[in-house]
Each structure stands twice: as C-alpha cells, then as structure tokens.
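Letters A, B, ... mirror the listed sequences (proteins, then strands); counts begin at 1. Any value given below was found using the heavy atoms of this structure, including those in side chains, with hydrogens, waters and symmetry copies removed.
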Amino acid sequence: MKQHPALRVLYVIIPVLVSLAVTSALVIAVGESPFEVFEKLWEGAFRNTESVAGVVNFWIPLALACMGLIITFTAGLWNIGMEGQIMMGALFASWAARTIQLPPELLVPIELIIAALGGAFWGFVVGVLKTRFGVHEIFGGVGLNALVSVYAIYLISGPWRQPEGGNAQSTEPFPANALLNPMSDVFPVSLIALLITVAAILVVIWILRGTRWGLNLKATGKNPRSALLLGVPTTRSTLSAFMACGLLAGLAGAYRVLFTYDSLRPNVSGGIGFLALLVVLLVGIRPLWAPIIAFVFAAILAGSTRLRVSLQLDSSLAGVLQGTLVLVVLLFNGLRQRLTEARPASAAPAAHTSSTVSAPTSGSEGAAS
Amino acid sequence: MDIQLTNINKHFGSVHANRDISMTLKSGQIVGILGENGAGKSTLMKILSGYQPADSGHIAIDGTPLKFGSPLKALEAGIGMLQQDPLDVASFTVLEDFIYGQPPARRTSGKAATALLRAQAERFGFHLPPDAPVASLSIGQRQQLEIVRLLALGVKALILDEPTTGISAEQKDILFGALRELATRDGMIVLLVSHKLEDVIALCDEVIVLRGGRLVGDRQMPATTHELVTLMFGQQLTTHERPKVALGEPDLKLDNVTLRTRRMHVDHFTLHPRRGEVIGFAGLDGSGQELILRACAGLEHPLSGTVSVRGKPMNGGRYRDFLAEGIVFCAAGRVEEGLIAGMTLTEHIALIGQGATIDWQASQARADAQIKHYNVRGTPQSEIQQLSGGNQQRFLMALLPDQPTVLVLEQPTRGLDVDSARYIWEQLLLRREQGASILFTSPDLDEVVQYSDRIVVCFAGRTTEIADASQVTIDELGRLIGGAF
C-alpha cells in the first residue's frame, strides 16, 4: 500500500487548510476578519522572546503528556486518566514543596521524583483496575480524574487552606527554594524542565524503536491474545505502559505547580491532559511528530491570549481551531482508509486490518523499524 | 409456504463458503442442517435469514423472489432466526423484551402483550414470567422468549442455530416438543442447524449435509448415527505408513483434570503424552477437545486435578510459564490468535527474541533466513495480514521454538490446500522426531487417523481413547463421535 509521496503530503495539508477555512468561516460569522485573527495569534505567540517563552511554558507539560500518551496508545490503551495523573503529580509536588525543607538544588529533584511517582501511582491504579478487575481504562480514568480533582479542591479549601484573609482559589505560594527557576528574564523558561522534556522525548522514541519493552507494548496494543501466545507478558505491558505514562504526566503536573504557578490550584492542569489526547489522536503513534504538533498547539494556545487584548475575541477561539483541526484530520484518515480499502486485489480475505478511524494505535505508517 | 434456494454461492476472500447450494424446504417439515465446523451451514443460514447477502443465487418464497441482505426483509417474508446467543436485551424484563421486538406500528399495549405472552408460553409449556428481568433467565428460557417473540412477528420459517448447546435436558424436551407442534400443527418450516447427531435424529424429518461448502447429502429420516457421520466426513479412511518413532517418557501430564465452562465440562480427564507421540483429538466441534488443549497450555485452568510438566505442578500457571517449559500453543484462528496483524515479519521475529534492546539488523537477517527456510511467500517488511493463509501458517512454524517439549495445535491445517498441509505436517513431524509430543485437533478425520499414534474422541465433554490409531475404522470413530460409547 505504498502511496505516492505527493499524495501523502496532500493528505496532511488538505485537513489543515479545511480546518483553517472552517475557523475562518466562524470568525467571519461573528463579523471579524480571519486574517487579523490569525495575525494576532501569530503575534501573540512569536512577537518577542518572552512570548516565545510563554509558548514553551505551555509546550513543556503538553509535550511530556503527549509522550506519555504515545506510550499508552502504543499499548492500545485509551488513557483518559491522563488529566488525573497530571493532577496527582501536581498534588504530590505540592506536598513535597510544602513539607520538605532542603536547599533548592536537593529539593527540586526530590519534588520532581515524588511528583513522577505520584503520577505513576495513579496510572498504576487505572492499570490494576483494568487488568485485575476488568474496569475499562476509560471509565477507570474518568473516575480517577474526578476523584483527584475533588480531593485537590478539598485540600485547597481544607487542610492546605490559606491563613485568614487569603485567596480561596489556591494554596499559599510555596517557598522560593521549592520552585523551579527561570533561566533568564528575557526568556523565562525553566532550564531543567526543558532538558527533562527533551530527554523524555528522545527516550520515548528510543523505547518504541529499539527496545523489547517498546515492541511488547506494540504487540499488546495490536493484538493482546496473539501477543500472549508469542510470549509477551501482556498484563505487565499494560501496567508498565500506564505507569510510564503516569510518570511523565506527574512531571507535567509538577511543572504546572512549581513553575507556571507557584501554588496548588483546582484547575492546575488547565486541560493539558485532554489537549495532549487531541495531539496524539492527530499524530497517531508517530512519536517524532508529537512534540512538533504539541508545539503548534502550544503556540495557538499562548497566542490566543492576545485575541482578547486586541480584538475582544475570547481566547477560546483557539480551542475551536484545535478541535476542528483534530476532527478534520481524523475525518481525512477515515476517508483515506475507505479509499485504500476500496481498492480490492491486495486485500486479504477478511478486512482484518481493523484500523478504526479513531484508534491511533493502528495508524499504518511504519512507526517502528 | 415453500422456500426455494437456487445455486447459492458465497465467498469470503479465497474461501468458497457456499458452493451452488440448491434446496427446497416445504411447509410442516423439520429439517436438520448438518456439517462440521466450516462446512458452510452458518453462512447459508445467515444468507437465508438476511444477515448477509449471497454472492449469487436466488431465494424464492412460494415462487416470489426474496431480496437478499436484510434481516428485516427476511422477517417480513416470514423467516426468523434464533441465534445461538439469543438477541435479547439483558436489562429489560421479559415483557419489555417481547414488546420491544415488535415493529413500532404493531407494538401493543402492555396488557394485550402480557396476554399474548402468557398464552404462547402456556401453549408450549415455556416458563416465562413477564416481569422477570431477561438477565435472570437461563439460556433455555431466553431461547423460549425469542421463539415466542419471533412467532408474534408472524414467522413461518424458524431457523435455530445450535439451540441445544447450554440448555438442560428438560428444557431440550420442552423445546423439541414446541418445535414438533409448530411443524405439525402450524405447518411451519423448522431448520435445525446442529452438529449434534442425537438431536438431529431425535427431531428431524429430513437431513441436509454440507461439507466444504457443498451440499453433499439430503436424506429422509430415520437414519443411523453411522450413516450421518459417513455423510458428514466422507466415505473412506485412507491408511498411511508412518515412520516409527520410539516413544519416550511423558513430559506433560494431565491427571484427573476437571474443566468447566458455562457450556461444557470435562470431568476427570487423564492424559500423559509421551515424547515423540502424536495424539489427535477427534470429535464434533465444541465437544470438549478445545478445552482440553487449552488446559494443556495453561490457557484454561482446571477446577481440580493436576497439570504437571516433568513432575512440576503447573496448576494455575500462566501461558508464559508453560512456554518457558517448551509447551507451545497454536490457535485455530491464526490472525486472531497467534500472529499480529499490522506487524511485519521482522517484528514478529524480533518479538520472540531475547534481550532488552532489539537488534533490527539481526532480526531482519533472521526473518530473511526463516522466510527462505520455510518457503514463505513474503518479505521481512510484509505485514503478516498481507500473507495468504498457507504462508501465515508456514511463518507460524518459523516462530516455533527450536526444541519444543509439547506442541499443542488447534486445527493446524485449517483452510490450507493439500500441499501446504503436507508441508506443515512435515515440519511438525520433524519436531516429533526430535522428541516433541504433538497434540492436535482436526475436523478432518483423515488427518487425525493419518498422523496420530493415539486418538482421543470427545463427545459432550466425555472422552474415549483409541490406543492404536492405525487399527481404527470409520465405523468405530463415527460411533464414538456421535456419542455411542
């Protein structure tokens, strides 16, 4: 099923153009110029180093979350619990920041490790619910998301409440030595977090391309029954995928509380987990593309704050653009599949290549090898 | 009402599931459709009941042609099918399910429906309390509900797919009574799809036998089990010379193993396959042989008794533990269970390798070598589903460990042509000469007799052993398969 390279590029470009057209139509409908909107978006994201830093600050947790989801998607799992795992990381990091008293060069690594463990733990719970008790990960994930978010609210308004007169929407700011530091004033991004993110991207790509664990995940994702007969420890694959994903989610959560904010807030993840799901839906299981698309999404998100200032348009327009983009791309994937399947001859007896439109695990372009 | 089928053909890829099948079904008849797994009987019934279209051919009801391909059309024409797993809604009550099954225009009030339901249930001696939740019914009762529902739809031809699997003897008597009454009193056509000869003998007026997608027999009842088995499996057993292999000690031992599923149980089964021995399992589909084979590889856990390998108890062990002892299981559905669609041959080779990282170059070289050695038509970069069935099976051979202890194979040559099948057996027997035991099932009695040293015949979970396979006759096998011990 080799496709002409030009055709493949077309399949990428057309959905982008279509979603731009749809968004433009929406903008025109409210009486604004789409060109102006896109210009402001661009301006909002890239007008100077500080605005670029703003993009990177969205990108770091988003990319971490995406790489985590790439792992679970490869293993055939819908980790909707991502959002909760990010929150759990934020909770654990907050606990460490509030409780442990050490110099920053020790405290920050400890906080990050604790946050990663927290996220991994929450992922593990989803996995155990699935493998031991037959609770589908989507339901388990949704339940656990709700649980941790309510618990965070309880902590903020209860045991971790600010002293009288303080803000009820967050805990007290953490001490300065517990926070991540920006690398410079003109480019306020945490260097250590940036390095961790780049490392995570490289490691995940390497895991999926070159390790037995990665191949086991892929086999489990595509056909757990066959994988079992070929000697793959499928239960272990599932659990470890959830834990690895949770680990990265935990780091993303830590970044949100220790850098983006300086305290624990009820909506500290800002929907990054769900946004990451969109990104991964978009790229399938091609790990190299995830951080790139994540960057585009982060830019749209950061840029959209400018819309309100200059055009009095709500920044949620960014969400519309992102949503349309994902929807149209999925639509085109489905269409393409129909077209290729309609061509007979080479197809095997039954259409067992059950690549559904929505499951990124079955994206057929060679992700490995 | 007459139903006439003319030259029905159906292909699934390269499989010709129904070949030029023609038959006439007459009012008031109970007709048994017999055939082994894969003979094409389910396909034919699905075509008749509108669940899938035929590739060519005609169906006519009282001379009026029936359009293919929609259960609704078939129902309107008076053909209804009782699926093996009844099509009911577990969260409904009996009454709700009964009403819901009617077309909206004809849905009656609760009272009228209750009366109808009660009347029908009473007529046939069904036990269907209107307020009971469907989820609480036994399979037998759910069938009764479906029958009553289909009758209320005005069905004049009723197809039943393996209706006696999983119901009690008493429920079976009630069911058969109802079917007889429907045929003789109401003049309905009843089609019974089954591979249970006793049911067919007990109930049917006529039997139609399918084999390999063809209609190979059509006879009026009564007939003996032996006659039916001969029709199902063909006439002759050919005897073959086999190279003698000295048998060694048993590695795997099943002692007093009891297995239970919802529909089947095997009690106190003991088997000690010896090194170099080939044991074939014969029996109609779903007679317990699948369960036993899975228990040999840790894929099914015995309720009692012991499974051990070289004296080491393995009860409750996972398949991976069995694999580590050299016990390999190959399932009948290769792409569903065994190979991974969407992965390349190289990836499969890499998957069964060792080490924490993967040497893709070495894996590719190994895939290349195995492709040549096993004469697989494909490249290391081919995804497994792009290969034909025969090539998939060859490649599955290439994935077997070099020195297996026991090979447990479900229908190892399913869907393969003669040459491919012979090749697979050459490979298997090679392993046997190296000391592996082979356990396998096959719907092809010739294959069982040709390759087995010992034969285990299963019938409804009971087993009989034939110690010397070379001395067996078709009569004896037929009797045992049909349940006469």
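- In this structure, the separation between CZ on B:R320 and OG1 on A:T235 is 9.5 Å, given to the nearest 0.5 Å.
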>> With side-chain contact (heavy atoms from CB on, under 4.5 Å) as the criterion, how do A:L215 and B:E347 come out once you've worked through the C-alpha distance, each side chain's angles and the decisive distance to 0.1 Å?
In response: CA-CA 8 Å; A:L215 191 61; B:E347 284 178 301; 4.1 Å; yes
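- Taking B:I340, B:L399, B:T357 one by one and counting their heavy-atom pairs under 4.5 Å with chain A, the maximum is reached by B:I340.
- Annotation: side chain of B:I358 is not in contact with side chain of A:R209 (no heavy-atom distance under 4.5 Å).
- If you measure heavy-atom distances from B:A356 to chain A, the contacts under 4.5 Å come from the backbone alone.
- Atom NE2 of B:H373 has 12 or fewer neighbouring heavy atoms from other residues, nucleotides or ligands inside a 6.0 Å radius.
- Taking a 6.0 Å sphere around CZ of B:R19, one finds it holds more than 12 heavy atoms contributed by other residues, nucleotides or ligands.
- Proximity of A:L229 to B:L299: side-chain heavy atoms (C-beta onward) are separated by under 4.5 Å at one or more points.
- More than 12 heavy atoms of other residues, nucleotides or ligands lie within 6.0 Å of CZ in B:R310, so this atom counts as buried by the packing criterion.
- Between chain A and the options B:G355, B:C330, B:A324, the largest number of non-hydrogen pairs under 4.5 Å is found for B:G355.
- Looking at B:F329, the atoms closer than 4.5 Å to chain A (heavy atoms on both sides) sit in the backbone and in the side chain alike.
- Taking 4.5 Å as the limit, every side-chain heavy atom of A:S226 sits out of range of all side-chain heavy atoms of B:E336.
- Looking at every heavy atom in both residues, B:Q354 comes nearest to A:R212 through O-NH2, 3.2 Å.
- For A:P224, no part lies near chain B; criterion is any non-hydrogen pair under 4.5 Å.
- In this structure, A:N223 and B:L339 approach most closely via the heavy-atom pair ND2-O, 3.6 Å.
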